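Notes follow the structure.
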Amino acid sequence: MDVADIPGVPDWLPDHLRADGIESLYPPQAEAVEAGVTEGENLVASVPTASGKTLVATLAMLASVERGTRSAPDDESGEAASGRRGKALYIVPLRALASEKREEFEQFEQYGLEVGVSTGNYESEGGWLATKDIVVATSEKVDSLVRNDAPWLDELTCVVSDEVHLVDDPNRGPTLEVTLAKLRQLNPDLQTVALSATIGNAEALADWLDAALVDSDWRPIELKKGVHYGQALHLEDGSQSELPVRNSEKPTAAIVRDTLEDEGSTLVFVNSRRNAEAAAGRLASTVEPHLTPEEREQLAEVADEIRDVSDTETSDDLADAVEGGAAFHHAGCANDHRSLVEDAFRDRLIKVVSATPTLAAGVNTPSRRVVVRDWRRYDGTAGGMQPLSVLEVHQMMGRAGRPGRDPYGEALLLANSHDELDELFERYVWAEPEDIESKLAAEPALRTHILATVASGFANSREGLLEFLEQTLHASQNADRVQLERVMDDMIEYLEVNEFLEREDDGGLTATSLGHTVSRLYLDPMSAAEIIDGLRAWKRGTGRAGTTTDASTAEGPDPDEEPPGFTAASDLADDADDEEAERPDPTAMGLYHLVARTPDMYELYLRSGDEEEYQMLAFEREEEFLGSMPSEFDPAFEDWLSALKTARLLEDWASEVDEDEITDRYDVGPGDVRGKVETAQWLLGAAESLAGELGLGLAPAVREARVRAEHGVREELTDLAGVRGVGRKRARRLYQAGIEDRAALRDADKSVVLGALRGRERTAETVLENAGHRDPSMDDVEPDAAARPDETGSPDAVTEPDDEEDQSSLGDF
DNA sequence: AAGTACTATATCTAGACAGCATGTC
DNA sequence: CTAGATATAGTACTT
């Protein structure tokens, strides 16, 4: 289909596409247009990666914005509804994809279309999004916007759900499913476009969304799947070619070498971080001899940038590999590491990347060849190594072949035996991807979404909930509602016991004010219950031996604590500090542990030997924990200890321990530290709101713990570190020079400031400016030698060469 | 005595969304 | 209940 023949799109579009070299649509795209995607029809497109899915979505969104609101004949609100422009929402599963899509859609700004992004850490401020034509957001953010009743949501005319096969994900799938159902209920005219990888049962998605289906295997670049075994490559078309493996060489290295001789790059998927790092190190020595002098030079620059990101072992190892033209990529890497690697790989500077699945689902990083080296992965819940799903392997393989640059892509599995060769062909090369299946009927999902659904007014009774749930994928896939209803009733009960929901006599359901807060804060109700329990227990002064209540199961408050009919808001006012024998404020450690043991915080793994260490720590600091410690023999004890490990990591960070020491002590990567801190910040913010609402007078203590985590500083630096341009390191230097807070900085002697900042004039100027100093200029100011930081007194501590990278802030993304 | 080449044994295991209000060098 | 790559300790042997 020629681009001029697409109905419903803006007039400028055909020329714009031609300018991009697009003369006609790919077959699946044409099919989508024929199905009416540019005329407001719902569509499910189940097609391979890189087959032009995004263009289908773009066409739908542009057409929808152009078409605007249909003036419905039975429009109750009267006039103005007609003639308004349409508004499109593009839902992505990852933040990184949100910014990638935004950049892609910004090409239409020249035609007067405005694009906005909304994710947890990057929000185009409040009402700002209302004026945008296209909004890109993560599914959780959209859910949150629905819960907080964002006014522009009912103006939507088109919603696109990218990677919609993720409704199959046990953790995050239900959110996407429920969010789509809510958007569609909110706006019955909403056009729904769902983009999926190729899956077994795409028609189930189409059924659910009342959508036409485009289900195709077509790719713009041929993908040859195959298996390497022995000295040969066996491809799916039956062909075999020689690919010799030298003695003492691993097959992966041989394949990389072979690709290199053809000037191609290779993406290697492995099953653990450690494997990724080890492979990158080894492959660097394979690649290194093939590099040109210019490449070596450029790679050295990238390596320097990588070292600047963070001063950790991971960072060094990565930089070393990059110098040899190889790299690893996994979630322990800082985000800056990841994007540096992705960019250099896309620029064909880095020749091999060994990656965990981060790269399979993330931003677009195509490669000439893909090697799926490990096809089994450890899964603790299944008790050992489990084969990857066909869907996942196909997603990885789909990264092979760069549009417009490679004649074809090749994706290879590795076999060690003839039997394995056959098995891999059977299991992956020739196999159809699995069916996807709603995971909504699981406790954690229903716990959260029942509360949110009631709190934001989508249902106000058990029957109403059932009616709402009818609109989900789960209902369309399961004729039998028995399991769903049973779990639903359990969860209503749970929410009622924890004072988030109230059941009326007539069977109606309402959210309490606490319930509303929990829903808006986007907390798992179980996390909220754990936090509330902990805060109340601290206030009561319980938690010591003897009063071993069942706090470990996060049940409701003790019935004898509050009079019946108690609501949280009612005791906002009382509760000043005038109680006798007032308990001191909880420590940061206590609060970090509280949030670390909620289900919203991902656990750190306890290594052998850790158990003993943290058990000792638990007893040493017993006084500090909120709520009672489970007994040593309680199965919950291990989780409690692992939360303690997380809590101590946070405490270290908030005590100005260096990042490299933290990564070393807990055996994690810089990306993990940043992730933990970020999650803790969010949960402590939520805990602060809850503490305020409970009126226990604990909010200031929570706030302080949060601010310390945010800046990574001790208590005395929280004010200084709040100044823009001042991170944990500079705040400490200024403090040591006698400048203790923002006010002191404002009136400080400039030579002292300059001295404390090790003579960096421009830095000192910016800092003073941000602090509101009358005259920040550093002209003619001599650094005060006495203010120069030299903690240890060792002479080389003063002449550290690492000028620029001493801030290691976590505010990045 | 220290290095090397090898083997037996122990260890460890992917990912990443969210509040709120703004900004690290 | 299931595995497998890698780190580490241990061993025999060389230089």
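Quantities reported herein were computed from a predicted structural model and do not represent experimental measurements. Chain letters run A, B, ... following the sequence lines, proteins first and then strands; every chain starts at 1.
The distance between atom CG of Asp667(A) and atom C1' of dT13(B), rounded to the nearest whole Å, is 12 Å. The nearest whole Å value for the distance from the CD atom in Glu277(A) to the P atom in dT6(C) is 12 Å. Rounded to whole angstrom, the span from the CZ atom of Arg172(A) across to the C1' atom of dG15(B) amounts to 9 Å. For the pair Met601(A) CE and dG19(B) P, the interatomic distance rounds to 16 Å; values are reported in whole Å. What separates CH2 of Trp128(A) from P of dT22(B) is a distance of 16 Å, to the nearest Å. Counting to the nearest Å, the C1' atom of dG15(B) and the CG atom of Asn271(A) are 14 Å from each other. Atoms CZ (Arg338(A)) and C1' (dG15(B)) sit 8 Å apart, rounded to a whole Å. Between the CZ atom of Arg607(A) and the P atom of dA10(B) there is a distance of 18 Å, given to the nearest Å.
Using a 4.0 Å heavy-atom distance criterion, Arg376(A) is classed as a sugar-phosphate-only contact. Residue-level contact check: Thr679(A) touches the bases, meaning some heavy atom is under 4.0 Å from a base atom. Counting any heavy atom pair closer than 4.0 Å across all strands shown, Gly675(A) reaches no nucleic acid atom. Among the protein residues, Leu523(A) comes within range of no part of the nucleic acid, since none of its heavy atoms lies under 4.0 Å from any strand.
Salt-bridge check for Arg147(A) with Glu140(A): failed, with every basic side-chain N at 4.0 Å or more from each acidic carboxylate O. Between Glu656(A) and Arg728(A), no side-chain nitrogen of the basic residue sits less than 4.0 Å from a carboxylate oxygen of the acidic one, so the salt-bridge criterion is not met. Salt bridge annotation for Glu177(A)-Arg172(A): absent, with no cationic side-chain nitrogen under 4.0 angstrom from a carboxylate oxygen. Salt bridge present: Asp524(A) and Arg447(A) bring a charged side-chain N and a carboxylate O closer than 4.0 Å. A salt bridge does not link Arg274(A) to Asp667(A): none of the charged side-chain nitrogens sits closer than 4.0 Å to a carboxylate oxygen.
Note on Ser144(A): every side-chain N or O is 4.0 Å or more away from OP1 and OP2 of dA18(B). The side chain of Arg377(A) contributes no N or O atom lying less than 4.0 Å from OP1 or OP2 of dG15(B). In this structure, Lys250(A) does not reach the dA5(C) phosphate: none of its side-chain N or O atoms is under 4.0 Å from OP1 or OP2. Within the structure, a side-chain polar atom (N or O) of Arg95(A) is placed less than 4.0 Å from OP1 or OP2 of dA18(B). Side-chain N/O atoms of Thr138(A) include one lying less than 4.0 angstrom from OP1 or OP2 on dA18(B). Under 4.0 angstrom from either OP1 or OP2 of dT6(C) there lies at least one side-chain N or O belonging to Arg282(A). Side-chain N/O atoms of Tyr522(A) include none lying less than 4.0 angstrom from OP1 or OP2 on dC17(B).
Judged by atom type and distance alone, Tyr378(A) does not reach the base of dG4(C) through any side-chain donor-acceptor pair under 3.5 Å.
Side chains of Arg399(A) and Leu359(A) form no contact here, defined as non-hydrogen atoms less than 4.5 Å apart. Counting only heavy atoms from C-beta outward, the side chains of Val393(A) and Phe269(A) never approach each other to under 4.5 Å.
The side chain of Arg274(A) sits closest to dT6(C) out of dA3(C), dA14(B), dT6(C). Side chain of Arg373(A), nearest nucleotide from dA14(B), dA5(C), dA3(C): dA5(C). Minimum atom distance to the side chain of Ala278(A) is reached by dT6(C), of the listed dT6(C), dG15(B), dC17(B). With distances taken from any side-chain atom of Asn275(A) to the nucleotides dA18(B), dA14(B), dA5(C), the minimum falls on dA5(C). Distance from the side chain of Thr119(A) is smallest for dA18(B) among the nucleotides dC17(B), dA18(B), dG19(B). Closest contact between the side chain of Arg724(A) and the listed nucleotides dC17(B), dA5(C), dT24(B) involves dT24(B).
In terms of position on DNA chain B, the residue among Lys141(A) and Arg273(A) whose nearest nucleotide sits closer to the 5' end is Arg273(A). Each of Gly722(A) and Pro357(A) has a nearest nucleotide on DNA chain B; the 5'-most of these lies closest to Pro357(A).
Nucleotides dA7(C) and dA14(B) have their P atoms positioned 14 Å apart, rounded to a whole Å.
Annotation for Glu638(A): atom CD does not count as buried by contact number, only 12 or fewer foreign heavy atoms lying within 6.0 Å.
With a cut-off of 3.5 Å on both pairing distances, the Watson-Crick or G-U wobble partner of dA7(C) is dT9(B). Pairing for dG15(B) is absent, with no Watson-Crick or G-U wobble pair whose two atom distances lie under 3.5 Å. Pairing of dG3(B), defined by two Watson-Crick or G-U wobble distances under 3.5 Å, is identified with dC13(C). Across the strands present, dG23(B) finds no partner; the criterion is a Watson-Crick or G-U wobble pair with both atom distances under 3.5 angstrom.
dA18(B) has Trp682(A) stacked on its base ring, the centres lying under 5.5 angstrom apart and the planes within 30 degrees of parallel.
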